[in-house]
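Presented below is the structure to which this report refers.
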Amino acid sequence: QVQLVESGGGLVQPGGSLRLSCVVSGSIFRIYTMGWYRQAPGKQRDLVAAITSGESTNYVDSVKGRFTISRDNAKKTVSLQMNSLKPEDTAVYYCNSPAGGSHLWNWGQGTQVTVSS
């Protein structure tokens with residue numbers, strides 16, 4: 001089974017930065033596209049950034065230019081560097097592999113990001 005463990009969230013002021021990390025266990029990590037998702041209170045969980053096995057990236061418009069997704073295949077980790085954070089970025093952030101239009105594995109616990117002054 002694949003296990004996903006997210007970390008790095010916290011409380012940050014608007015305009016600040018955070019770096020999230022996800023450790024992926026139990027998979028042939030290097031062959032999968034990976035992504036970061038977020039779920040704000042009262043809203044659905046949405047994919048916001050993705051990175052392929054060839055390290056091509058894609059982002060939703062709302063985070064384009066502010067967030068950067070990366071991966072380390074040796075460590076089996078996926079990271080999300082978040083800069084210029086806004087209150088609307090507040091959410092629980094999860095990692096997973098996009099597949100079938102949704103996700104490939106069971107969700108981990110996620111990590112809370114709160115942007116507030």
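Each residue takes its place number in the sequence, starting with 1.
Val23 and Leu4 fall into different hydrophobic clusters, where Ile, Leu, Val, Met, Phe, Trp and Tyr side chains are chained together by heavy-atom contacts under 4.5 Å. Follow the hydrophobic side-chain contacts under 4.5 Å out from Trp107 and you never reach Val24; the two are in separate clusters.
Defined by atom type and a distance below 3.5 Å, a donor-acceptor pair is present between the side-chain atoms of Ser17 and Asn83.
Considering OG of Ser70 and CD1 of Ile51, their distance stands at 6.5 Å, rounded to 0.5 Å. One finds the OG atom of Ser53 at 12.0 Å from the CE atom of Met34 (value rounded to the nearest 0.5 Å). Here the OG1-CG distance, from Thr77 to Leu20, works out to 12.5 Å after rounding to the nearest 0.5 Å. Distance CG/Asn73 to CD1/Ile28: 12.0 Å, rounded to 0.5 Å.
The shortest side-chain heavy-atom distance between Arg38 and Val63 falls under the 4.5 Å cut-off. When side chains are defined from C-beta on, Pro14 counts as touching Pro87, because their heavy atoms get closer than 4.5 Å. Side-chain contact between Asp46 and Val60 is absent, with no heavy-atom pair separated by less than 4.5 Å. For the pair Val5/Gln109, no side-chain contact is recorded, criterion being any heavy-atom separation below 4.5 Å from C-beta on. In this structure the side chain of Arg45 never reaches within 4.5 angstrom of the side chain of Val92, judged on heavy atoms.
The shortest heavy-atom contact between Arg19 and Gln81 is NH1-OE1, 3.3 Å. The shortest non-hydrogen separation linking Asp89 to Val115 is CB-CG2, 4.3 Å. In plain terms, the two heavy atoms of Met82 and Leu85 that are nearest each other are CB-CD2, 3.8 Å. Of all heavy-atom pairs between Ser79 and Ser21, the closest is OG-OG, 3.9 Å. Here the closest heavy-atom approach between residue Val113 and residue Leu18 is recorded as CG1-CD1, 3.9 Å.
Side-chain atoms of Thr111 never come within 3.5 Å of backbone atoms of Glu6 as a donor-acceptor pair (strictly under, hydrogens ignored). Looking at Arg66, its side chain does come within 3.5 Å of a backbone N or O of Ser84 through a donor-acceptor pair. A donor-acceptor distance shorter than 3.5 angstrom exists from the side chain of Arg71 to the backbone of Phe29, with no hydrogens or angles considered. Ser97 places no side-chain N or O within 3.5 Å of a backbone atom of Tyr32 that could act as its donor or acceptor partner. Side chain of Lys76 to main chain of Ser27: a donor-acceptor pair is present (N/O by atom type, distance under 3.5 Å, no hydrogens or angles).
Residue Trp36 is tested with Leu47, Leu80, Asn96 for a side-chain contact (heavy atoms from CB on, under 4.5 Å); the sole match is Leu80.
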Practice prompt. Before giving the answer on ring pair (Phe, Tyr, Trp, His ring centres under 6.0 Å), spell out for Trp105 and Tyr94 the whole-Å C-alpha distance, their side-chain angles and the decisive distance to 0.1 Å.
Written response: CA-CA 11 Å; Trp105 304 303; Tyr94 303 85; over 10 Å; no
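Annotation for Glu88: atom CD counts as buried by contact number, over 12 foreign heavy atoms lying within 6.0 Å. Remark: Gln3 CD is loosely packed, at most 12 non-hydrogen atoms of other residues, nucleotides or ligands lying under 6.0 Å away. In this structure, Ile31 places its CD1 atom where more than 12 heavy-atom neighbours from other residues, nucleotides or ligands lie under 6.0 Å away.
Classified by interplanar angle (parallel below 30°, tilted 30° to 60°, perpendicular above 60°), the ring pair Tyr93/Phe67 is tilted.
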